[in-house]
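We count ligands from 1, going down the list as the structure has it; atoms in each ligand are counted the same way. Because the structure is predicted, anything quoted here is derived from the model rather than measured. Side chains are part of it too, since the values below use all heavy atoms of this structure and drop only hydrogens, waters and symmetry mates.
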Amino acid sequence: MIASVLCKAILFDLDGVICSTDKFHYQAWKTLADRLGIYFDEEINNRLRGVSRMDSLNIILERSDKQYTQKEKEIFTAEKNGVYRELLKSMGPADLTDEVKDTLAELRSRGYKLSAASSSKNTKFILRQIGLDGFFDSVADGADITRSKPDPEVFLVAAKRIGVDPTNCAVVEDAKAGIEAAKAAGMMALALFGDAKGCGLEDYSLKSFSDLLNIF
Ligand code: BG6
Ligand code: MG
């Protein structure tokens, strides 16, 4: 329990950390990209990790010859989200692994406050789908912020809502943008999966979700 003295709260990214929604994001963006005749693959999808919906669209449009207006872009993101939400309906409590569920319960019993902090505006919907509605001490999501990761805003909102100083918070992230956001918030950053691992800014690299129990 290396970090238990300083740390009072653990802030979890949602997509790619608490549950896996990558394939649904991919399918929904792919549907839109195909309709617009824009090349899109899993490698480009990986660049969208932790990035806001509109910034994700702008990355996809790098491959397009056409210039789109802001209004058109808003229609495209709404279209993508419609497909994504339909796909999310297939998620259920079985999409929360025993490892994640048991680790969260153990961390809580060890006295840590637990928060979900995600750029996603679908956070509450996903938490409901996987049976974590009401579980976290605070939730901060895409609807609470004006600047998405790597800006620290979402983590600062989550910390404020539980009344814990940012310096006493740790963040678990799968996105490099999330690790950057955690460090910008003055928090300890733990990398799990994705481009968070090996990005060079993380304080710890986790082998698995339950590895948290060796740290806290
Ligand atoms: C992040 C995902 O959690 O949320 C990104 O890693 C996604 O890929 C972002 O673009 C915004 O999500 P949503 O659900 O609001 O479109
Ligand atoms: Mg993530």
Take Phe12 and Phe209 through the test ring pair (Phe, Tyr, Trp, His ring centres under 6.0 Å) and record every step on the way to the result. CA-CA 11 Å; Phe12 295 89; Phe209 196 90; 5.6 Å; yes
Metal check, the Mg ion (ligand 2) vs Glu173 N/O/S, cut-off below 2.8 Å: no
Tell me whether Gly50 reaches ligand 1 (any heavy atom closer than 4.0 angstrom to a ligand atom). yes
Just checking, Arg108 and Phe135: is the charged tip under 6.0 Å from the six-membered ring centre and within 45° of the axis? yes
On the ring face of Phe76, is Lys80 found with NZ or CZ under 6.0 Å from the centre and within 45° of the axis? no
The Mg ion (ligand 2) -> Asp174, closest N, O or S atom is OD1
Ligand 1 atoms in contact with Tyr84 (distance to a heavy atom under 4.0 Å): 14 (O)
Would you check if there is a donor-acceptor pair between the side chains of Asp137 and Ser115 at a distance under 3.5 Å? no
Please state which option from Ser120, Ser56, Gly178 has its nearest heavy atom closest to atom 12 (O) of ligand 1. Ser120
Do any nitrogen or oxygen atoms of Asp13 come within less than 3.5 Å of a nitrogen or oxygen of ligand 1? no
Considering only N, O or S atoms of Asp15, the one closest to the Mg ion (ligand 2): O
Tell me which protein heavy atom sits closest to atom 1 (C) of ligand 1, plus the residue, atom name and distance to 0.1 Å. Asp15 OD2, 3.5 Å
Determine the sole option in Lys149, Arg49, Glu202 for which the side-chain contact (heavy atoms from CB on, under 4.5 Å) test with Glu173 is passed. Lys149
Using distance alone, with no hydrogens and no angle criterion, decide if Asn45 and Lys30 have a side-chain donor and acceptor under 3.5 Å apart. no
Measuring from atom 16 (O) of ligand 1, which candidate in Arg53, His25, Lys80 has the nearest non-hydrogen atom? Arg53
Tell me whether the guanidinium CZ or amine NZ of Arg85 lies under 6.0 angstrom from the six-membered ring centre of Phe125 and within 45° of its axis. yes
Numbered atoms of ligand 1 (with element) below 4.0 Å of Arg49, judged on heavy atoms: 6 (O)
Which atoms of ligand 1 sit under 4.0 Å from any heavy atom of Asn122? 13 (P), 14 (O)
Where the closest heavy atom to atom 15 (O) of ligand 1 is concerned, which of Glu173, Lys121, Lys149 has it? Lys121
Heavy atom of Gly142, distance to ligand 1 below 4.0 Å: no
List every atom of ligand 1 that sits less than 4.0 Å from any heavy atom of Ser118, numbering the atoms from 1 in the order shown and giving each element. 3 (O)
Which segment of Val51 sits under 4.0 Å of ligand 1 when only heavy atoms are counted: backbone
Taking atom types as modelled and ignoring hydrogens, do the side chains of Asn214 and Asp211 form a donor-acceptor contact shorter than 3.5 angstrom? yes
Can you tell me if CD on Gln67 sees more than 12 non-hydrogen neighbours from other groups inside 6.0 Å? no
Which single N/O/S atom of Asp13 lies at minimum distance from the Mg ion (ligand 2)? OD2
Heavy-atom closest pair, residues Asp141 and Ser120: CB-O, 3.3 Å
Under 4.0 angstrom from ligand 1, any heavy atom of Leu48? yes
Among Ile179, Leu11, Leu212, the one residue meeting side-chain contact (heavy atoms from CB on, under 4.5 Å) with Leu190: Leu212
